[in-house]
Amino acid sequence: MQNSFIIFQKLLVLFGFMLIGYLSYKKKWISDDTSSQISGLIVNIFNPALIISGVIGSVGNGNWNLVIMDLILAVSLFVVLILISPAFVRILGVKKDERNIYAVMLIFSNLGFMGIPIIEELYGREAIFYVALYTLVYNILFYTYGIYLFEKERAMQTGQKAKIIFHWKKMINPGMVACLAALLIFAFQIDAPAPAVSFVQYLGNAAIPLSMIITGVSLAKMPLIEVFKDIKMYQFTFLKMLVIPMIAAFAIRLFHLDPVLSGIMVLMFGMPNGSMAVMMAIDYGLDSSICSRGIVLTTLLSIITLPIVAYLI
């Protein structure tokens with residue numbers, strides 16, 4: 001119950017930032033160009049700094065057994081989601097020409113901008129590093145298997161053959177570099193000077209409020225009535241953010257793992273949709289409105305679902 005209350009309080013703070021973004025866009029204090037520029041800063045500077053801040057300045061606190069187990073759990077999470085996605089979309093009754101989009105939304109959640117502040121609140125700043133390992137696996141899979149799903153979707157709609165394309169260059173992005181840098185700092189126990197630690201932590205601290213403000217801006221751009229009328233998205237949210245995390249919570253207890261690592265994994269299962277699917281759908285000329293509605297509804301309902309999931313860890 002304590003975990004649920006902690007997460008609920010943290011979500012109230014995050015939703016407060018979202019409300020600021022929502023009102024700022026409606027009041028025209030933030031324009032489309034401004035939000036795009038701020039997003040660039042978040043993705044390329046603030047979020048990578050947040051990832052590195054999880055290990056910098058904490059020399060001597062490393063445990064390779066936990067790191068390896070966390071990597072195994074991260075890979076397991078995505079393997080499970082990939083394996084169940086075909087049955088998931090059929091249970092939902094998703095139309096054949098939308099199944100790949102729903103599969104992407106199931107597999108690739110908002111592990112960073114929502115996951116990091118919640119995990120930090122529950123388990124401390126050092127736990128950010130464990131979330132970073134999930135984002136490392138996320139990046140590798142999104143630019144391989146995720147791209148393949150978008151290729152399949154476009155091929156289905158155009159009647160062409162799907163191509164298996166690995167976008168290796170896109171995987172070399174600031175977030176991936178930050179994950180690798182965090183691994184190196186952890187592996188070699190690099191002791192950074194105090195000013196460098198403060199600099200990185202200040203930058204990282206800016207990522208959370210700014211990312212949620214931009215999420216609020218995204219909400220302001222959406223016709224919310226269309227979101228709340230989408231019955232299929234309610235069903236999707238119920239299965240993705242309640243049923244699957246609950247099953248994961250009961251299953252992971254059988255292995256008697258470190259409580260922090262098992263708690264992180266269960267919460268990662270319960271995170272709302274991420275924005276990468278929207279950007280990639282636009283890039284492939286597909287209907288991005290499904291992904292947009294998914295982000296809005298899952299994010300809003302996470303204030304209900306995540307405390308419930310946290311009660312089980």
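Each of Val43 and Met271 belongs to its own hydrophobic cluster when Ile, Leu, Val, Met, Phe, Trp and Tyr are linked at side-chain heavy-atom distances under 4.5 angstrom. In this structure, Tyr234 is not a member of the same hydrophobic cluster as Ile225, with clusters built from ILVMFWY side-chain heavy atoms closer than 4.5 Å. Follow the hydrophobic side-chain contacts under 4.5 Å out from Phe238 and you never reach Met241; the two are in separate clusters.
In this structure, the separation between CD1 on Ile118 and NZ on Lys10 is 9.0 Å, given to the nearest 0.5 Å. Note that the CE atom of Met114 and the CG atom of Leu11 stand 5.5 Å from one another [nearest 0.5 Å]. Rounding to the nearest 0.5 Å places CD1 of Ile7 at 11.5 Å from CD1 of Ile308. How far CZ of Phe186 is from CD of Glu126: 11.5 Å, rounded to the nearest 0.5 Å. Within the model, atoms CD1 of Ile185 and OG of Ser53 stand 10.0 Å from one another, a figure rounded to the nearest 0.5 Å. Distance CG/Asn3 to CG/Leu122: 5.0 Å, rounded to 0.5 Å.
Side-chain contact between Lys95 and Lys232 is absent, with no heavy-atom pair separated by less than 4.5 Å. Residues Ile303 and Leu14 form no side-chain contact, since every pair of their non-hydrogen atoms from C-beta on lies 4.5 Å or further apart. Under the 4.5 Å side-chain criterion, counting only non-hydrogen atoms from C-beta, Leu136 is in contact with Leu183. Under the 4.5 Å side-chain criterion, counting only non-hydrogen atoms from C-beta, Asp230 is not in contact with Leu297. Considering only heavy atoms from C-beta on, Phe236 stays 4.5 Å or farther from Ile290 through its side chain. A 4.5 Å side-chain heavy-atom check between Gln37 and Leu41 finds every atom pair outside the cut-off. Side-chain contact between Ile51 and Phe129: absent, with no pair of heavy atoms (C-beta onward) separated by less than 4.5 Å. Contact of the Ser302 side chain with the Thr305 side chain is registered, since non-hydrogen atoms from C-beta on lie closer than 4.5 Å.
Sorted by first then second residue, the side chain to side chain donor-acceptor pair (under 3.5 Å) pairs that include residues 104-118, not counting sequence neighbours, are Ser109-Lys240. For residues 9-34, no pair satisfies ring pair (Phe, Tyr, Trp, His ring centres under 6.0 Å), with sequence neighbours left out.
When the side-chain hydrogen bond (donor to acceptor under 3.5 Å, both in side chains) test is applied to Ser198, no partner is found at least two apart in sequence or on another chain. Annotation: side chain to side chain contact (heavy atoms under 4.5 Å, CB included) contacts of Phe5 (sequence neighbours excluded): Gln9. For Asp32, the salt bridge (Lys or Arg N to Asp or Glu O under 4.0 Å) partners two or more places apart in sequence, or in a different chain, are Lys221. Scanning for ring-ring contact (aromatic ring centres under 6.0 Å, His included) contacts around Phe46 gives an empty result, with sequence neighbours left out. Legend: residues meeting side-chain hydrogen bond (donor to acceptor under 3.5 Å, both in side chains) with Ser4, ordered by chain and number and at least two apart, are absent. Lys26 pairs by the salt bridge (Lys or Arg N to Asp or Glu O under 4.0 Å) definition with nothing, not counting sequence neighbours. Applying the ring-ring contact (aromatic ring centres under 6.0 Å, His included) test to Phe108 and every residue at least two apart in sequence or in another chain returns Tyr138, Phe142.
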Pairs of donor and acceptor atoms involving the side chains of residues 202-217, under 3.5 Å and at least two apart or interchain, shall be tabulated with distances.
{"residue": "Asn205", "atom": "OD1", "partner": "Arg125", "partner atom": "NH2", "Å": "2.7"}
{"residue": "Asn205", "atom": "ND2", "partner": "Gln201", "partner atom": "O", "Å": "3.1"}
{"residue": "Ser211", "atom": "OG", "partner": "Ala207", "partner atom": "O", "Å": "2.9"}
{"residue": "Ser211", "atom": "OG", "partner": "Ile208", "partner atom": "O", "Å": "2.9"}
{"residue": "Thr215", "atom": "OG1", "partner": "Ser211", "partner atom": "O", "Å": "2.9"}

Side-chain atoms of residues 65-88: list all donor-acceptor pairs with protein atoms under 3.5 Å, sequence neighbours left out, distances to 0.1 Å.
{"residue": "Ser76", "atom": "OG", "partner": "Ile72", "partner atom": "O", "Å": "2.7"}
{"residue": "Ser85", "atom": "OG", "partner": "Ile82", "partner atom": "O", "Å": "2.8"}

Distance-only donor-acceptor hits, side chain of residues 243-269, under 3.5 Å, sequence neighbours excluded:
{"residue": "Arg253", "atom": "NH2", "partner": "Leu312", "partner atom": "O", "Å": "2.6"}
{"residue": "Asp258", "atom": "OD2", "partner": "Val260", "partner atom": "N", "Å": "3.0"}
{"residue": "Asp258", "atom": "OD2", "partner": "Leu261", "partner atom": "N", "Å": "3.2"}
{"residue": "Ser262", "atom": "OG", "partner": "Asp258", "partner atom": "O", "Å": "3.1"}
{"residue": "Ser262", "atom": "OG", "partner": "Pro259", "partner atom": "O", "Å": "3.1"}

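Nearest heavy atom pair, residue Leu149 against residue Ala103, reads CD1-CB, 4.2 Å. In this structure, Ala310 and Ile313 approach most closely via the heavy-atom pair O-CG1, 3.0 Å. Here the closest non-hydrogen pair linking Ile128 and Leu50 is CG2-O, 3.5 Å. Scanning both residues, Val200 and Ala49, for their nearest heavy atoms gives CG1-O, 3.3 Å. Closest heavy-atom contact between Pro174 and Asn44: CG-OD1, 3.2 Å. When every heavy atom of Pro117 is checked against every heavy atom of Gly112, the shortest pair comes out as CD-O, 3.7 Å.
The main-chain N or O of Val94 is found under 3.5 Å from a side-chain atom of Arg99 such that the two form a donor-acceptor pair. With hydrogens and angles ignored, the 3.5 Å screen pairs a side-chain donor or acceptor of Thr298 with a backbone N or O of Asn273. Put simply, the side chain of Thr144 gets close to the backbone of Leu141: a donor and an acceptor are under 3.5 Å apart. A distance-only check finds a donor-acceptor pair linking the side chain of Ser24 to the backbone of Ile20 [under 3.5 Å]. Proximity of a side-chain donor or acceptor of Thr135 to a complementary backbone N or O of Ala132 within less than 3.5 Å is detected.
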Requested in this report: Given side chain to side chain contact (heavy atoms under 4.5 Å, CB included), test Arg293 with Met105 step by step and report yes or no.
Outcome: CA-CA 11 Å; Arg293 292 196 300 272; Met105 291 194 298; over 6 Å; no
Report task. List the steps and the verdict of side chain to side chain contact (heavy atoms under 4.5 Å, CB included) for Leu219 and Leu300. Result -> CA-CA 10 Å; Leu219 294 182; Leu300 291 176; 4.2 Å; yes
Report task. Begin with the C-alpha distance, continue with both residues' side-chain angles, and end with the deciding distance and a verdict on side chain to side chain contact (heavy atoms under 4.5 Å, CB included) for Glu98 and Val89. Result -> CA-CA 9 Å; Glu98 295 178 352; Val89 295; over 6 Å; no
